[in-house]
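Take a look at the structure below.
Everything numeric in this text was worked out from a predicted model, so none of it was measured. In what follows, every heavy atom counts, from backbone to side chain, and hydrogens, waters and symmetry copies are set aside.
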There are 2 protein chains.
Amino acid sequence: MSDFAIEKPVPYYEKLYHTIKKMIFEGKLKPGDRIIETQLAKDFNVSKSPVREAIRILEKEGLVIVDQKSRVMVYQPTMKDVEEIYFCRMALESFAVELVTRIATNDELDEIEKTLMHTEQAIRDSQKNDTIITLNELFHSLIINYTQNSRLQKQLNDLKSLIYFFRVLNTQGENRADNILNQHRKIFECIKRREADQASQAMINHLKLDLEHLTEILSNSYEETKL
Amino acid sequence: MSDFAIEKPVPYYEKLYHTIKKMIFEGKLKPGDRIIETQLAKDFNVSKSPVREAIRILEKEGLVIVDQKSRVMVYQPTMKDVEEIYFCRMALESFAVELVTRIATNDELDEIEKTLMHTEQAIRDSQKNDTIITLNELFHSLIINYTQNSRLQKQLNDLKSLIYFFRVLNTQGENRADNILNQHRKIFECIKRREADQASQAMINHLKLDLEHLTEILSNSYEETKL
DNA sequence: GATGATTTGTGCGTATGTATG
DNA sequence: GCATACATACGCACAAATCAT
C-alpha cells in the first residue's frame with residue numbers, strides 16, 4: 001500500500017476561508033457584523049492578502065456581502081432571501097428524491113431507514129436538539145448523495161449555508177421534532193414503494209411546511225432580528 | 001431626474017474578474033489553458049494581488065480550477081460534469097416553469113410568444129446562428145426571470161457559464177434550430193393553457209433532448225476534445 | 001540523473017486614497 | 001479641516017516547482 005498522499009500545504013487564504021466560515025456558523029461573527037480585514041489579519045498573524053482572497057470566496061458564496069463603500073459584512077438573509085432559497089431547495093431536492101426513488105439500491109434504502117429509526121430513538125430519549133438536527137440533516141444528505149451528482153451536492157450545501165443560523169429555530173415549537181420525523185417518514189415510504197412522483201411531492205410539501213414554520217417564527221421575532 | 005448615481009469606482013479585482021471571464025467566453029483562454037497570474041498582472045499593468053482575488057472568485061464559480069500544485073487552469077468540463085449540470089438545470093428550470101405557469105401575467109406570456117415568433121422569423125430568414133442562439137437563450141431567461149427569484153437566476157447563470165463553450169455545438173445538426181423551436185413551442189403552449197405539470201414535463205423533455213444531442217456530438221468529436 | 005537558472009505561486013510591509021468622526 | 005480607520009493596490013522577498021544544461 002504505497003499510498004504516499006502528497007500532503008499539499010494548505011495556503012493561508014484557504015485556511016482563512018474555512019476559519020471565517022466556521023466563525024460565522026458558530027456565531028462568533030453574527031449576521032450584519034462587520035468584517036475588518038486589517039483586524040482579521042492581525043488576529044491570525046497573517047498579512048491582508050490571504051484575508052482578502054478568503055473574503056472574495058466568501059463573497060461569491062454569499063456568506064459575506066460588500067456594501068457600496070467596500071465594507072465587508074456578514075450576510076443577513078431577508079425573508080425574501082429565505083423564500084428564494086427554499087424555492088431552490090424544493091426544485092433541487094424534489095428532483096433529487098425523484099431520481100433516487102428510481103435508482104437507489106436496497107442497501108441505500110436501509111441506510112435511510114436506519115437514520116429515521118435513530119431519529120425516533122433520539123426523540124424518545126429526549127436527546128439534545130443538536131443530535132436531532134444532525135439526524136434530520138443526514139436524512140436530506142443521504143438522498144442528495146445517492147443521486148451521485150456532486151454539483152447538486154455543492155449547490156445545496158451552499159444554499160443551506162446561507163440559512164444556517166435558522167436550523168435551530170426550525171426545530172422550535174410544539175412537537176416540532178415529531179412532525180418533521182413524520183414528514184421524513186412519508187417521503188421515505190414513497191421512496192421505498194418506488195413511487196417517484198409521490199416522493200417528489202412529499203419532499204415539496206415537507207419543505208413548504210418547513211418554510212411556513214420558519215416564516216412564522218421569524219415574523220414573531222421580527223423586532224429582534226430586523227428581517 | 002436627480003438621479004445622482006454614486007459612481008463607485010470598480011476595483012481592479014472586479015474588473016479583472018469580468019475581463020478574465022470574458023476572455024474565457026470569447027475563447028481567448030481555452031479550456032485546459034493555464035492561467036499565469038504573473039503574466040496577467042503584466043498584461044493588464046496591475047500587481048498580482050487583484051489578479052489573485054479575481055482568480056479566487058472564478059475558482060469558486062468553477063470557471064477555473066486549481067490543481068494539486070496550485071496551478072490555475074481554465075475549467076474543462078467532463079461528460080459527467082455536463083450531465084450533472086443538465087440534471088441541475090432540469091430540476092431548477094422545470095420547477096421554474098411550473099411556477100411561472102401559475103403566476104405569469106398575460107403580458108409576460110405575450111413576451112414569451114413574441115420571442116418564439118422572432119425565432120421563427122430568424123430561422124426563416126436564415127439569420128446567422130448567433131442570433132438564433134441568443135433568442136433561444138432569451139426564451140429560457142424570460143421564464144426564469146418571471147419567477148422573480150434572483151437566487152434561481154444566479155444559480156442558473158453560473159451553471160450555464162460552465163458549459164458556455166457548447167452553446168454553439170448544441171445548435172449543430174440537421175434541422176436542429178427547428179427542433180428546438182418546436183420544443184420551446186410545446187413548453188409555451190402548456191404555459192399558455194396554464195397546465196403546470198405538463199409545462200414542467202415539457203421542459204424536462206426539452207433539456208433531456210438537448211443533453212442527448214450534446215452527448216452525441218461530443219462523443220463524436222471525442223478525439224479532439226478529450227472529454 | 002544532478003544542478004543551477006527561471007518561472008510561478010505565496011505572503012508580507014508599505015503607500016495611497018477615501019470615508020468617518 | 002484634521003486625525004483615524006480602513007480598503008485598495010503595489011513591489012519585494014521567499015519557496016517550490018520546472019526547465020535546461
Problem set entry | CD on Gln183(A) to CG on Asp210(A), rounded to 0.5 Å | 6.5 Å
Problem set entry | Expected output: side-chain Glu93(A) to main-chain Met90(A) donor-acceptor under 3.5 Å | no
Exercise. Is Leu40(B) touching bases, backbone alone, or none of the nucleic acid, heavy atoms closer than 4.0 Å?
Worked result: nothing
Seminar exercise, completed: Contacted region of DNA chain D by chain A, from 5' end to 3' end of the hits, cut-off under 4.0 Å to heavy atoms, spans dC6(D) to dT8(D)
Exercise. With side chains defined as the heavy atoms from C-beta onward, is the minimum distance between Tyr86(B) and Arg89(B) less than 4.5 Å?
Worked result: yes
Exercise. Do Glu61(B) and Tyr17(B) meet the criterion of a side-chain donor-acceptor pair at a distance under 3.5 Å?
Worked result: yes
Problem set entry | Interface limits on DNA chain C, where chain B has a heavy atom under 4.0 Å of a nucleotide atom | dT8(C) to dT10(C)
Problem set entry | Geometric class of the His140(A)/His184(A) ring pair [parallel <30°, tilted 30-60°, perpendicular >60°] | perpendicular
For this session: Using a cut-off of 6.0 Å, state whether more than 12 heavy atoms not belonging to Glu216(A) lie near its atom CD.
Result: no
For this session: Scan residues 43-55 of chain A against DNA chain D and write down, sorted by residue number, each residue with any heavy atom closer than 4.0 Å; if none is found, say none.
Result: Lys48(A), Arg52(A)
Exercise. Ring centres of Phe95(B) and Phe87(A) under 6.0 Å apart?
Worked result: yes
Exercise. With distance as the sole criterion, is a donor-acceptor pair present between the side chains of Gln153(B) and Asn157(B) under 3.5 Å?
Worked result: no
Exercise. Should the ring pair Phe25(B) and Tyr164(B) be called parallel, tilted or perpendicular, given that the plane angle runs from 0 to 90° and is split at 30 and 60?
Worked result: parallel
For this session: Using only heavy-atom distances, determine whether the side chains of Asn136(A) and Arg167(A) contain a donor-acceptor pair under 3.5 Å.
Result: no
Exercise. Leu16(A) near the nucleic acid: base, sugar-phosphate alone, or nothing, with a heavy-atom cut-off under 4.0 Å?
Worked result: nothing
